[in-house]
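Remember, predicted model here, so these are calculated numbers, not experimental data.
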Amino acid sequence: MSETTQLRVMDFDCPSCASTVERALSNQEGVEDVEVHYSTGRVEIDYDDSVADPATFERTIENQGYTPQPA
């Protein structure tokens, strides 16, 4: 079943940072769509909840060097 989760990442330095996070999240199994908004720090992830675990999204963001927060 398709679900959506939102996070905030307030420590982006540039639009390229947001693109890096968007790419990393998009490559995760079960992720259907990702929107990362540099100016607001909002990250919206559409995913298949039978395949993807939202906890991995936070770890993926952390692995890219950023701090995710609940939206």
Exercise. Give the C-alpha distance, both sets of side-chain angles, the deciding distance and a yes or no for side chain to side chain contact (heavy atoms under 4.5 Å, CB included) between Glu32 and Ser2.
Key: CA-CA 8 Å; Glu32 298 167 349; Ser2 188; 2.9 Å; yes
Practice problem: Check step by step if side chain to side chain contact (heavy atoms under 4.5 Å, CB included) holds for Val9 and Gln69. | Solution: CA-CA 6 Å; Val9 180; Gln69 304 169 349; over 6 Å; no
Quiz item: Given Val31 and Asp46, is the side chain to side chain contact (heavy atoms under 4.5 Å, CB included) satisfied, shown in steps?
Solution: CA-CA 6 Å; Val31 172; Asp46 295 330; over 6 Å; no
Practice problem: Test Val43 against Arg8 for side chain to side chain contact (heavy atoms under 4.5 Å, CB included), laying out the working first. | Solution: CA-CA 6 Å; Val43 177; Arg8 290 227 182 262; over 6 Å; no
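The aromatic rings of Tyr38 and Phe12 sit tilted, their planes meeting at an angle between 30° and 60°.
The heavy-atom pair separating Thr20 from Gln64 by the smallest distance is CG2-OE1, 3.3 Å. The two residues Ile61 and Pro68 come nearest to each other via the heavy atoms CG2-CD, 3.9 Å. Between Glu44 and Thr4, the shortest heavy-atom contact is CG-CG2, 3.6 Å. Of all non-hydrogen atoms in Ala18 and Val36, the two that sit nearest each other are CB-CG1, 3.6 Å.
By the 4.5 Å heavy-atom criterion applied to side chains, Asp48 and Met1 are not counted as neighbours.
Between the side chain of Asp11 and the backbone N or O of Tyr66, no donor-acceptor pair lies under 3.5 Å.
Using a 3.5 Å distance cut-off with no hydrogens or angles, the side chains of Thr60 and Gln28 do pair a donor with an acceptor. Side chain to side chain, Glu62 and Thr67 fail the donor-acceptor criterion of an N or O pair below 3.5 Å.
Tested against Ser26, the residues Ile45, Asp33, Val21, Val34 include a single side-chain contact (heavy atoms from CB on, under 4.5 Å) partner, Val34.
Of the inter-residue distances, the one linking Leu7 atom CG with Leu25 atom CG reads 8.0 Å to the nearest 0.5 angstrom. Atoms OG1 and CD, from Thr56 and Glu29 in turn, are 10.0 Å apart once rounded to the nearest 0.5 Å.
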